[in-house]
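See structure below.
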Amino acid sequence: MKLPHQFAVATQAAFMAVFVAACAHTGGHTDDAEDPGVADSIVSQSLISMDGKDFIRLDIKTSRASVELVDSMIPDIDDPKVCLCVEAAFTGERTDSFSAANVAGDYVSVGRLRHGYNCEANTGLLCSTRGRVVIAPMDSLEVMIRRAEADDGSLFQQMLLVYNGKDVYGGRPIFRTKKNIYRAVCLFDRRSEKADVGVTPDGGFTIIQSCYPVSLDCFVTALVHMGVRHALYLDMGMGWNYGWFRANEGAPARLLFAVRSIYQTNWLVVRAH
């Protein structure tokens, strides 16, 4: 098994550097409610506290944007249509050239099936088709892959943290006591919707990231207490956590982390229609 790279030990100085970058754009506000046009934003940022810890929350309107898995070449931060870009699946090895086989698990990028390496850490998946996003356990992988291929959708595999509102993380390969800045893609309940649990046409699709190093156990527990229905881990670690978002097409981009590893291989991307 190829171990995900971010389990290498980080220094305290590195932790402090990413803490500053992660919270640099909160501006001291608890949310973006005072910003003009925030109600119409594709990506809305807020800073929330849970269990005595602070988290960045990015709520995404999928009715106005596509959710894609992009591989090989990272989108341009100056592309006005890219409203969010963060690392998605694990990368196996640091190599100078891209290979789909270096991405953890088979995946679908805008309808194209690619074969990654077998990664035992993967226990869940995200599937996005026609503005609807599903987070599910691995037993639905084949069905979801066929759905993503047929609908020109996207799919990637990762570690399932929360499912049906419960902590389902198995404790490996990241120990629950391991402190880091963590990030997850999450779905909240849409109780008024007569659809499959975990599927959302708009609203309820969110990225949540801790503002500073916390234990993984603390992070997952906070997600449950926030009312997250399903949560899938997103690749992190110094340089791998690089990413950005913008409120709307053409708005200024806000960095989540400023340092990017040249070995990143795949990205969860929100692209304005």
Side-chain angles (χ1 to χ4, degrees), residues 22-51 53-69 80-88 126-135 154 158 161-163 165 181-193 195 197-211 219-220 222-234 236 241 243-257 267-273:
C23 296
H25 300 291
T26 60
H29 297 293
T30 56
D31 55 44
D32 285 341
E34 297 178 359
D35 292 346
V38 71
D40 297 324
S41 294
I42 293 174
V43 180
S44 301
Q45 177 195 19
S46 58
L47 178 64
I48 59 176
S49 295
M50 181 60 61
D51 300 336
K53 307 295 183 182
D54 296 324
F55 301 86
I56 296 171
R57 174 170 166 169
L58 302 174
D59 290 295
I60 299 159
K61 287 187 177 178
T62 56
S63 61
R64 297 179 52 204
S66 60
V67 178
E68 305 171 359
L69 193 281
K81 285 188 171 291
V82 176
C83 293
L84 180 130
C85 178
V86 292
E87 183 84 348
L126 179 145
C127 179
S128 171
T129 55
R130 301 180 182 180
R132 304 177 73 86
V133 181
V134 178
I135 292 174
S154 290
Q158 253 295 355
L161 302 180
V162 177
Y163 193 66
I181 295 178
Y182 291 108
R183 179 188 294 156
V185 55
C186 307
L187 292 178
F188 285 82
D189 267 332
R190 292 297 302 273
R191 296 187 183 278
S192 62
E193 186 185 349
V197 172
V199 181
T200 172
D202 194 21
F205 177 54
T206 303
I207 304 291
I208 296 176
Q209 175 181 298
S210 61
C211 275
F219 181 70
V220 177
L223 295 180
V224 172
H225 290 173
M226 289 177 200
V228 167
R229 185 66 175 175
H230 307 316
L232 195 71
Y233 186 77
L234 292 174
M236 291 292 279
N241 48 25
W244 73 86
F245 69 95
R246 51 172 46 89
N248 280 303
E249 179 179 349
R254 300 182 181 185
L255 283 170
L256 290 166
F257 291 91
W267 303 269
L268 177 63
V269 172
V270 173
R271 193 184 306 273
H273 290 152

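The chain is numbered in sequence order, starting from 1. Since the model is a prediction, treat every value here as computed from it, not as a measurement. In what follows, every heavy atom counts, from backbone to side chain, and hydrogens, waters and symmetry copies are set aside.
- In terms of heavy-atom proximity, Y182 sits nearest to Y233 at CD2-CE1, 3.6 Å.
- Distance check, rounded to the nearest 0.5 Å: OG of S44 to CZ of F245 gives 9.5 Å.
- With H230 as the fixed residue, the side-chain contact (heavy atoms from CB on, under 4.5 Å) test singles out one of D189, I135, V133: I135.
- Residue A88 comes nearest to L268 through the heavy atom pair CB-N, 3.8 Å, listed as atom of the first residue, atom of the second, then distance.
- What you find for C85 and V269 is that their closest heavy atoms are SG-CG2, 4.2 Å.
- Residues S210 and I181 share a closest heavy-atom pair of O-CG2, 3.2 Å.
- Checked options I207, I208, N241; the residue passing with L234 is I207 (criterion: side-chain contact (heavy atoms from CB on, under 4.5 Å)).
- Between the SG atom of C186 and the CE atom of M226 there is a distance of 8.0 Å, given to the nearest 0.5 Å.
- Considering SG of C211 and CD1 of I48, their distance stands at 9.5 Å, rounded to 0.5 Å.
- Looking at residues two or more places apart in sequence or on another chain, you find a salt bridge (Lys or Arg N to Asp or Glu O under 4.0 Å) between R57 and D59.
- Considering all non-hydrogen atoms of both residues, A272 and I42 come closest at CB-CD1, 3.7 Å.
- When all heavy atoms of E249 and H273 are compared, the closest pair comes out as OE1-O, 3.9 Å.
- Residues meeting the side-chain hydrogen bond (donor to acceptor under 3.5 Å, both in side chains) test with H225, sequence neighbours left out: D51.
- By the side-chain hydrogen bond (donor to acceptor under 3.5 Å, both in side chains) test, D54 is found to be paired with S49, residues two or more places apart in sequence or in another chain being considered.
- Distance CE/M50 to CZ/F219: 12.5 Å, rounded to 0.5 Å.
- Remark: R246 engages no residue in a side-chain hydrogen bond (donor to acceptor under 3.5 Å, both in side chains) (not counting sequence neighbours).
- Scanning for ring-ring contact (aromatic ring centres under 6.0 Å, His included) contacts around F55 gives an empty result, with sequence neighbours left out.
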